[in-house]
Amino acid sequence: MASETAIVDVSDPIVSERENFYISGPLHLTTVDWTNPCHRRSVAASLVQSVYILERDRQETREGDQALAPPWWKAFNFQLYRLLIDDADSCVFGAIYQLISIPADSQHSAQAPRYVVAFRGTITKGDAFTRDLELDIHIIRNGLHLTSRFEIAIQAVRHVVATFGSSDIWLAGHSLGAAMALLAGKNMAKTGVYLNAFLFNPPFFSAPIERIKDKKVKNGLRIAGSVITAGLAFAMKNNNQTSRSGGTFVALSPWLPCLYVNPSDHVCSEYIGYFEHRKQMEAIGAGEIERLATQHSIGGLVLNAFGKQSDEPLHLIPSANVTVNRTPARDFKDAHGIHQWWRPDLHLESKTYNYK
């Protein structure tokens with residue numbers, strides 16, 4: 001789950017170019033129309049990028065005029081409100097930004113965010129890598145909610161909401177940071193607070209069915225999985241843990257986070273099939289089966305069957321606006337990188353999925 005800024009050797013001049021807003025940033029975005037989904041996406045991605053660079057600035061001791069992070073938020077009239085520091089290694093993993101001014105010619109400023117809480121993904125260089133990798137493993141094990149980094153993150157989100165209200169508050173994150181933002185958003189949604197969320201390349205760890213080229217095989221595997229999952233869930237409908245999971249899923253359905261995925265990125269590509277499969281099951285008259293299956297994971301149901309505690313799977317969400325980048329990617333690094341999301345020439349497909 002690494003960003004492009006972290007994968008390349010830091011001694012390479014290309015790294016500085018990718019971190020330099022005036023070379024690699026969305027310079028085409030001279031005026032922000034806050035009702036334009038492309039503008040909103042680009043600003044959110046830029047703020048996430050700034051968190052990556054805040055950590056890189058810390059690692060390289062770049063301060064004052066040497067710091068590369070500030071232009072990534074100042075270009076859109078934000079100021080840094082607060083850094084989010086991991087208590088285990090003192091790295092910068094997130095930041096809260098405040099919109100300080102909107103130009104007079106800014107369009108539809110009423111839809112602009114007042115505060116944005118942004119989280120970076122994994123950095124594979126420097127002293128942050130070990131802790132980031134630990135967090136990645138927690139995601140795979142569905143234990144991100146048990147980490148001290150997430151506790152710091154959710155407390156920061158709650159602080160912003162409690163202090164400034166819930167309207168016009170954005171969450172944004174990339175890869176590991178997208179998982180952090182998703183979990184924070186789900187926690188807030190359970191209390192009836194629905195925050196705008198921009199989740200770039202959010203992790204979805206499961207069998208890589210989306211990578212299967214044969215559509216019949218792919219659909220057959222998904223249908224079989226849904227039938228098995230729904231059957232287990234129905235058989236265990238009197239299990240308290242299973243019942244709570246289903247009730248939580250339905251309660252989250254009004255929340256509509258924005259997911260940005262690339263089909264060439266195996267970290268997040270399963271979200272494409274996850275939501276499209278629901279429509280296909282509805283089309284063949286099996287909508288009820290899928291509505292039950294989509295609330296659960298087979299692994300979690302099996303653990304519950306043996307009387308073991310199973311936490312709610314992070315990646316399962318009822319509703320979302322899913323944007324797929326169909327622009328051909330050069331390689332995995334390109335498909336998973338944050339930089340793709342502010343490019344002006346993308347071939348994007350967006351669909352809204354509402355759980356009913």
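In what follows, residues are counted from 1 in the order of the sequence shown.
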For the student: nearest non-hydrogen atoms of [X] and [Y], plus distance:
{"X": "Ser175", "Y": "Gly121", "answer": "CB-CA, 4.4 Å"}
{"X": "Pro257", "Y": "Leu199", "answer": "CB-CD1, 4.1 Å"}
{"X": "Pro328", "Y": "Asp334", "answer": "O-OD2, 4.3 Å"}
{"X": "Leu99", "Y": "Ala112", "answer": "CD2-CB, 3.7 Å"}
{"X": "Ser269", "Y": "Pro263", "answer": "CB-O, 3.7 Å"}
{"X": "Pro318", "Y": "Phe275", "answer": "O-CE2, 4.0 Å"}

Sequence neighbours excluded, the answer for salt bridge (charged side-chain N to carboxylate O under 4.0 Å, His left out) partners of Lys351 is Glu276
Looking at residues at least two apart in the chain, or sitting in another chain, which of them share a side chain to side chain contact (heavy atoms under 4.5 Å, CB included) with Asp345?
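For Asp345, the residues satisfying side chain to side chain contact (heavy atoms under 4.5 Å, CB included) (neighbours in sequence not counted) are Arg343.
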Check side chain to side chain contact (heavy atoms under 4.5 Å, CB included) between His39 and all other residues, then give those that pass, not counting sequence neighbours.
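If we apply the side chain to side chain contact (heavy atoms under 4.5 Å, CB included) test to His39, skipping adjacent residues, the hits are Leu29, Val32, Asp33, Asn36.
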Check: [Y] and [X] side chains under 4.5 Å, non-hydrogen atoms:
{"X": "Leu259", "Y": "Ile317", "answer": "yes"}
{"X": "Leu135", "Y": "Phe93", "answer": "no"}
{"X": "Pro203", "Y": "Leu176", "answer": "no"}
{"X": "Met188", "Y": "Leu171", "answer": "no"}
{"X": "Tyr353", "Y": "Leu256", "answer": "no"}
{"X": "Ile123", "Y": "Tyr52", "answer": "yes"}
{"X": "Glu63", "Y": "Asp57", "answer": "no"}
{"X": "Pro26", "Y": "Ser46", "answer": "yes"}

List the residues meeting side chain to side chain donor-acceptor pair (under 3.5 Å) with [X], not counting sequence neighbours, and say none if there are none.
{"X": "Gln79", "value": "Gln98"}
{"X": "Asp132", "value": "Arg120, Arg149"}
{"X": "Asp87", "value": "Ser148"}
{"X": "Arg58", "value": "Glu55, Asp127"}

Does [X] use its side chain to pair, donor to acceptor, with the backbone of [Y] at less than 3.5 Å?
{"X": "Lys186", "Y": "Leu314", "value": "yes"}
{"X": "Ser319", "Y": "Tyr355", "value": "yes"}
{"X": "Ser50", "Y": "Ala69", "value": "no"}

Can you list everything that forms a ring-ring contact (aromatic ring centres under 6.0 Å, His included) with [X]? Sequence neighbours excluded, please.
{"X": "Tyr97", "result": "Trp73"}
{"X": "Trp342", "result": "Trp72, His339"}
{"X": "Phe204", "result": "Tyr271, Tyr274, His315"}
{"X": "Phe198", "result": "Trp170"}

Taking atom [atom1] of [X] and atom [atom2] of [Y], what is their separation to the nearest 0.5 Å?
{"X": "Leu252", "Y": "Lys190", "atom1": "CG", "atom2": "NZ", "value": "6.0 Å"}
{"X": "Thr323", "Y": "Phe200", "atom1": "OG1", "atom2": "CZ", "value": "9.0 Å"}
{"X": "Cys268", "Y": "Glu270", "atom1": "SG", "atom2": "CD", "value": "10.0 Å"}

Table please: side-chain donor-acceptor pairs of residues 156-167 below 3.5 Å, with sequence neighbours left out.
from, atom 1, to, atom 2, distance (Å)
His159, ND1, Thr163, OG1, 3.4
His159, NE2, Tyr81, OH, 3.2
Thr163, OG1, His159, O, 2.7

Side-chain heavy atoms nearer than 4.5 Å, only ILVMFWY residues, links allowed to pass through others: does that put [X] and [Y] together?
{"X": "Ile139", "Y": "Ile137", "result": "no"}
{"X": "Ile53", "Y": "Ile85", "result": "yes"}
{"X": "Ile23", "Y": "Ile338", "result": "no"}

Audit row: His336, His174, ring-ring contact (aromatic ring centres under 6.0 Å, His included) steps and yes/no:
CA-CA 9 Å; His336 188 66; His174 172 246; 5.1 Å; yes
Asn201 and Trp341: side chain donor to acceptor below 3.5 Å
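Yes - a donor-acceptor pair under 3.5 Å links their side chains.
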